[in-house]
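Just so we're clear, the structure is a prediction, and the values are computed from it rather than from any experiment. These numbers come from the heavy atoms of this one structure, side chains and all, not from hydrogens, waters or symmetry mates.
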Amino acid sequence: MEADGTHSRRTFLKAAGATVATVSVAGCTGSPNDTGSNSGDGPSGTLTYSRGAGNSTLDFHITTSGEDVKVTNQIYDKLVDFKPGQNQITGSLATEYNLNGTTASLTLREGVKFHNGDEFTAQDFEATYRRLADPEYDYYIGEKNVSSYANITFGQVESVSVVGDYELEIESTKKFAPFFRNLAIFAGGVLPKSEIESGTDFSTTAIGTGPFTLDQYEQNGRRIRLTANENYWNDGPEVKRVIFDATDENSTRVSQLLNNEAHIIDGIDPEGVDRIKNNDGVSIQQKVGLNVGYLALNMERMEPFREKAVRQAMNYAVNTKVIVEEIFSGLATQSSQPIPESVMGYNENIDPYPHDPQKAKTLLEEAGYGGGFDLELAVFKNPRPYIPSPVQTAEQVSSDLTTIGINAEINQMSWEPYLEYTQTGKHDACFLGWNTDNGDPDNFYYSLLHPAVESPDGQDWVSFDTDGYQTTNASGWANEEFMSSVEEARTITDSVQTREGLYKEVGKLAHDEAPWVFLDHTNVLRGVSDSVSGFNTSAVGGPFLRTVSVE
């Protein structure tokens, strides 16, 4: 802690190994009008949200799991947030936010209370930031615990200064185009300083300023009850309580919806879509997703994957058209690059790899692997939004690879241990996907394919145990041309066209180098009871439940 109240990242960058390029949107200003208050008759009723997996934690500083975030997004507010159902940001705990060069100035909302009664001030954000990003803070969460979102969300931040109780200045190391969008990511949630410094265990306790308070954390996170925060500063909540329920089987969740045992369900496979469409009283909400599903090829463990021709061969071998049209019933499109069509920088001149087994065999022979090889094909058991039928997809991929001599043994795992398994690089090849955190191309390219560390000379892969390695890069890929271009793109703040053009080049490079087998982009699907009002399916952020009511 420095004498002027400014807290810098200092050793955090070193600890996180961040090569972190950085920040800013010159002159970007926000002035939200969303300051409404809860002035109705008060919340009533119970909303039940059923999903395929429970929480592994309530501590959003140590997780990368979207399941964990579905709950914590109801409890914690950020300085800025996404508008429900939209890809635009708005003020939340900050009422004004401006970015000039590398300096962000924020005016904070007054009169907001945490669930423990503390009044929110700039000191709370400062302490929260330091818990996540400052190894010199006594309450730093620790290198072994902190998630890769510390780097994704705050890797570009040089310092946080408390100017007054309701004034903050955040200094970045460089200009950084998606600065405020990163603040809207779940990892930007604000904890109360008093609870941080009293040692509260946030893995099972949650105390924010959000629309719902934690009531009960049951069955190791598989059933979580929230209660309305009736003193919430913004609109809502409209329901008295929310229950998050984890139900493994897709068909069972659909039955819950049809039997009025759940009001909203996610993780819906194509069979479930048909069942919902064929019944009264329920419907499917569908939105074009900002996501990607892929098969990550771990170059650290598998020497054949270090050959570009092998990676390309696998892309030619896998019939992604069958996967999206038959297995996913047309609720997805084939992927040709890491970002979906609706994200800025999408390169419309790149086509998905065609299904061409003969081309794949030729490439394998040229790479010296004409006799094929064995590998483990890791896959999660339950549907994820980007791969709604994981086991069937794995079976299709395994079958396709067999035709070119690659024997892929499928290894199914539950979601929580699967994340641990893949983030520590124990897989040969693994299915993964990504729902964007902020709708910006940087959130795909940097988060998923930049290692955040330098690669050894002449080598385009790095080891997962390298200090500061960004574990969301499940391929171990470290292509210097790619890394340099991505770092440059995130610093371009004066020309959207220039930034967009660079991302189109990056997309072509990723397609050709093929660190993944590119699979799909899916639509976002939710099954919703007709008794629910005010729910907007969101492609980024959320779910936004504070404005939802039930009859």
Side-chain angles (χ1 to χ4, degrees), residues 21 23 25 28 66 69 80-90 149 152-153 156 176-186 286-294 296 320 324 331-352 384-387 432-450 470 472-473 482-483 485-493 495-516 518-525 536-542:
V23 211
V25 178
C28 178
V69 175
V80 295
D81 203 350
F82 294 96
K83 294 180 179 178
Q86 302 180 39
N87 187 19
Q88 298 175 321
I89 59 172
T90 186
Y149 274 91
I152 292 172
T153 307
Q156 75 287 347
F176 187 64
F179 178 79
F180 284 122
R181 285 185 170 274
N182 274 14
L183 284 186
I185 294 174
F186 69 89
Q286 185 171 179
K287 177 168 285 188
V288 175
L290 300 177
N291 59 44
V292 62
Y294 55 90
T320 57
V324 301
L331 299 171
T333 57
Q334 292 172 271
S335 172
S336 64
Q337 54 200 288
I339 61 175
E341 186 173 359
S342 52
V343 170
M344 184 264 285
Y346 179 82
N347 191 330
E348 62 278 2
N349 295 318
I350 305 173
D351 293 325
R384 303 299 304 163
Y386 31 75
I387 302 181
L432 279 172
W434 188 257
N435 287 308
T436 183
D437 297 298
N438 65 7
D440 189 273
D442 181 74
N443 189 244
F444 289 87
Y445 285 114
Y446 188 86
S447 301
L448 302 181
L449 289 166
H450 195 299
Q470 183 161 259
T472 45
N473 178 354
F482 174 89
M483 293 159 63
S485 295
V486 168
E487 290 168 12
E488 178 184 353
R490 58 186 355 207
T491 67
I492 299 173
T493 60
S495 172
V496 173
Q497 291 77 16
T498 301
R499 189 165 183 248
E500 182 178 20
L502 191 52
Y503 279 121
K504 289 187 176 184
E505 295 175 10
V506 169
K508 181 68 165 60
L509 176 63
H511 170 90
D512 293 347
E513 290 291 326
W516 302 339
F518 297 93
L519 295 178
D520 66 282
H521 308 290
T522 60
N523 294 341
V524 180
L525 302 170
N536 287 306
T537 297
S538 298
V540 60

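One finds the CD atom of Gln334 at 13.0 Å from the CZ atom of Phe518 (value rounded to the nearest 0.5 Å). For the atom pair OG1 (Thr153) and CD1 (Ile185), the distance works out to 4.0 Å, reported to the nearest 0.5 Å. Taken to the nearest 0.5 Å, the CD atom of Glu488 stands 14.5 Å off from the CE atom of Met483. Once rounded to the nearest 0.5 Å, the distance linking OG1 of Thr472 with CG of Leu449 reads 9.0 Å. Atoms NZ and OH, on Lys504 and Tyr346 in that order, are 10.5 Å from each other to the nearest 0.5 Å.
The nearest pair of heavy atoms linking His450 to Glu487 is NE2-OE2, 2.8 Å. Closest non-hydrogen pair, Phe179 versus Gln156, comes out as CD1-NE2, 3.9 Å. Closest heavy-atom contact between Lys287 and Thr537: NZ-O, 3.0 Å. The nearest pair of heavy atoms linking His521 to Ser335 is NE2-OG, 3.3 Å. Of all heavy-atom pairs spanning Val288 and Asn523, the tightest one is CA-OD1, 3.9 Å. Residues Tyr386 and Asp520 approach most closely at O-OD2, 2.6 Å, considering heavy atoms.
In this structure, the side chain of Ser538 engages the main chain of Gly85 through a donor-acceptor pair within 3.5 Å. Side chain of Thr90 to main chain of Lys83: no donor-acceptor pair is present (N/O by atom type, distance under 3.5 Å, no hydrogens or angles). Listed for the His511 side chain is a donor-acceptor partner under 3.5 Å among the backbone atoms of Ser336. Of the possible polar contacts, one joining the Gln470 side chain to the Tyr446 backbone as a donor-acceptor pair under 3.5 Å is found.
A 4.5 Å side-chain heavy-atom check between Pro338 and Trp516 finds at least one atom pair inside the cut-off. Considering only heavy atoms from C-beta on, Phe82 comes within 4.5 Å of Asn87 through its side chain. The shortest side-chain heavy-atom distance between Asn536 and Gln86 does not fall under the 4.5 Å cut-off. In this structure, Pro385 and Val524 have side chains that are not in contact, with every pair of non-hydrogen atoms separated by 4.5 Å or more. Side chains of Leu509 and Ser485 form no contact here, defined as non-hydrogen atoms less than 4.5 Å apart.
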Distance-only criterion, 3.5 Å: show the donor-acceptor pairs between side-chain atoms of residues 437-444 and protein atoms not counting sequence neighbours.
unit_1	atom_1	unit_2	atom_2	d
Asp437	OD1	Tyr149	OH	3.1
Asp437	OD2	Tyr149	OH	2.8
Asp437	OD2	Asn443	ND2	3.3
Asn438	OD1	Asp440	N	3.0
Asn438	ND2	Asn182	OD1	2.7
Asp440	OD1	Asp442	N	2.9
Asp440	OD1	Arg499	NH2	2.8
Asp440	OD2	Arg499	NH1	3.1
Asp440	OD2	Arg499	NH2	3.4
Asp442	OD1	Arg490	NE	2.9
Asp442	OD2	Arg490	NH2	3.0
Asn443	OD1	Trp434	NE1	3.1
Asn443	OD1	Thr436	OG1	3.1
Asn443	OD1	Asp437	N	2.6

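Paired with Val292 under the rule side chain to side chain contact (heavy atoms under 4.5 Å, CB included), one option of Ile339, Val343, Leu448, Asn435 passes, and it is Leu448.
At most 12 heavy atoms of other shown residues, nucleotides or ligands fall within 6.0 angstrom of atom CD in Glu341.
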